[in-house]
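Single-structure report; data block below.
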Amino acid sequence: MNDLEKMRTGRWLHAVTPEIGEALRRTEELCFRLNQLPPSRTKEREAIIRRIFGHVGEDVCLHSPFHCDFGAHTSVGDHFVGNFNLTILDEAPVRIGNHVYIGPNVGIYTVHHALLPDQRNEGIMQSLPVTIHDNVWIGGNTVILRGVTVGEGAVIGAGSVVTRNIPPRVIAAGNPCRVLRPITEADRIAEAEMD
């Protein structure tokens, strides 16, 4: 098992290795190129996005600037929108479903470093996956931490810190993020309210 495979298993490991360093540099270079391109160069941007991520669905919109560690460990579904300043630290797999909308300044972090300074300075870390199911909306300035699953149709309020799993079809917010209430048919916007 190579260093990158070990990282994705959730085991503690020394993560300062040539193999990991090279993978990080590759992705940083791709993110730099993406962030330098104007929005009007859609075909070039899409080609880079498809080189960054492990899987990319159809009709994906990723605003610059965007940053990630590996990219290859991240999968995004169809009709995905990642707003400005999205950061994904994908030492472990990050799975993002279809019709997911992520607000600006959101961080998704799969990594956890050793708490003792001598071990942290040696690069000892652990990573756990993050899963965001279909039809999720994540408000701006939210942080999603390692090992979290956000259920289908959930809405995460702006500024939340998501430290535990969020069930489907609820509104959740806060630090730490907690369920406020279910989303129901009473939340439907009536035609008469729309212009």
Side-chain angles (χ1 to χ4, degrees), residues 10 31 34-35 39 45 49 52-71 73-113 115 125-195:
C31 288
L34 176 70
N35 292 331
R45 290 180 61 82
I49 290 166
I52 291 172
F53 290 133
H55 170 79
V56 179
E58 297 299 317
D59 189 29
V60 168
C61 176
L62 186 61
H63 295 283
S64 291
F66 167 74
H67 305 281
C68 69
D69 275 349
F70 294 93
H73 304 163
T74 297
S75 168
V76 297
D78 298 337
H79 312 291
F80 167 76
V81 176
N83 216 314
F84 306 106
N85 276 329
L86 172 59
T87 298
I88 302 175
L89 304 185
D90 61 341
E91 279 71 11
V94 174
R95 295 175 192 92
I96 300 173
N98 299 320
H99 297 280
V100 172
Y101 300 96
I102 298 180
N105 303 310
V106 168
I108 300 171
Y109 309 142
T110 65
V111 65
H112 177 74
H113 298 281
L115 296 178
M125 52 139 289
Q126 178 194 47
S127 56
L128 296 172
V130 169
T131 301
I132 300 169
H133 286 282
D134 295 345
N135 302 307
V136 169
W137 174 23
I138 299 170
N141 294 302
T142 292
V143 173
I144 298 175
L145 297 178
R146 67 193 185 111
V148 166
T149 296
V150 179
E152 190 276 330
V155 174
I156 307 296
S160 295
V161 178
V162 186
T163 60
R164 62 182 73 127
N165 294 345
I166 303 298
R169 298 190 56 79
V170 298
I171 298 172
N175 181 4
C177 188
R178 61 184 175 79
V179 173
L180 301 179
R181 68 175 179 84
I183 297 170
T184 68
E185 196 56 33
D187 292 306
R188 184 171 300 282
I189 297 168
E191 287 291 326
E193 296 178 67
M194 294 185 261
D195 290 333

Do [X] and [Y] touch side chain to side chain, with heavy atoms closer than 4.5 Å?
X    : Y    : value
I108 : I132 : yes
N35  : H67  : yes
N83  : V106 : no
L62  : L34  : yes
S64  : R45  : yes
P93  : S75  : no
L89  : T87  : yes
F70  : E91  : yes

Once rounded to the nearest 0.5 Å, what's the spacing between atom [atom1] of [X] and atom [atom2] of [Y]?
X    : Y    : atom1 : atom2 : answer
I102 : I144 : CD1   : CD1   : 6.5 Å
I88  : I52  : CD1   : CD1   : 10.0 Å
I166 : R178 : CD1   : CZ    : 11.0 Å

State, to 0.1 Å, how close [X] and [Y] come at their nearest heavy-atom pair, and which atoms those are.
X    : Y    : result
E152 : N135 : OE2-ND2, 2.9 Å
V130 : L145 : CG2-O, 3.6 Å
C177 : I156 : SG-CG2, 4.2 Å
F80  : G77  : CB-O, 3.7 Å
A92  : P129 : CB-N, 3.5 Å
P167 : V179 : CD-CG2, 3.7 Å

(request) Can you sort out the partners of V56 under side-chain contact (heavy atoms from CB on, under 4.5 Å), two or more places apart, ordered by chain and number? (result)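 Residues passing side-chain contact (heavy atoms from CB on, under 4.5 Å) with V56: I49, R50, F53, V60, V76.
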
Using atom types as modelled and distance alone, determine if a side-chain donor or acceptor of [X] lies under 3.5 Å from a backbone N or O of [Y].
X    : Y    : result
S160 : V162 : no
N98  : D78  : yes
N105 : G140 : no
N175 : V161 : no
D90  : G71  : yes

(request) Determine, stepwise, if the pair I171 / I183 fulfils side-chain contact (heavy atoms from CB on, under 4.5 Å). (result) CA-CA 6 Å; I171 298 172; I183 297 170; 3.6 Å; yes

(request) List in chain and number order the residues that pass ring pair (Phe, Tyr, Trp, His ring centres under 6.0 Å) with H79, two or more places apart in sequence or in another chain; answer none if no residue qualifies. (result)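 By the ring pair (Phe, Tyr, Trp, His ring centres under 6.0 Å) rule, H79 matches H99.
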
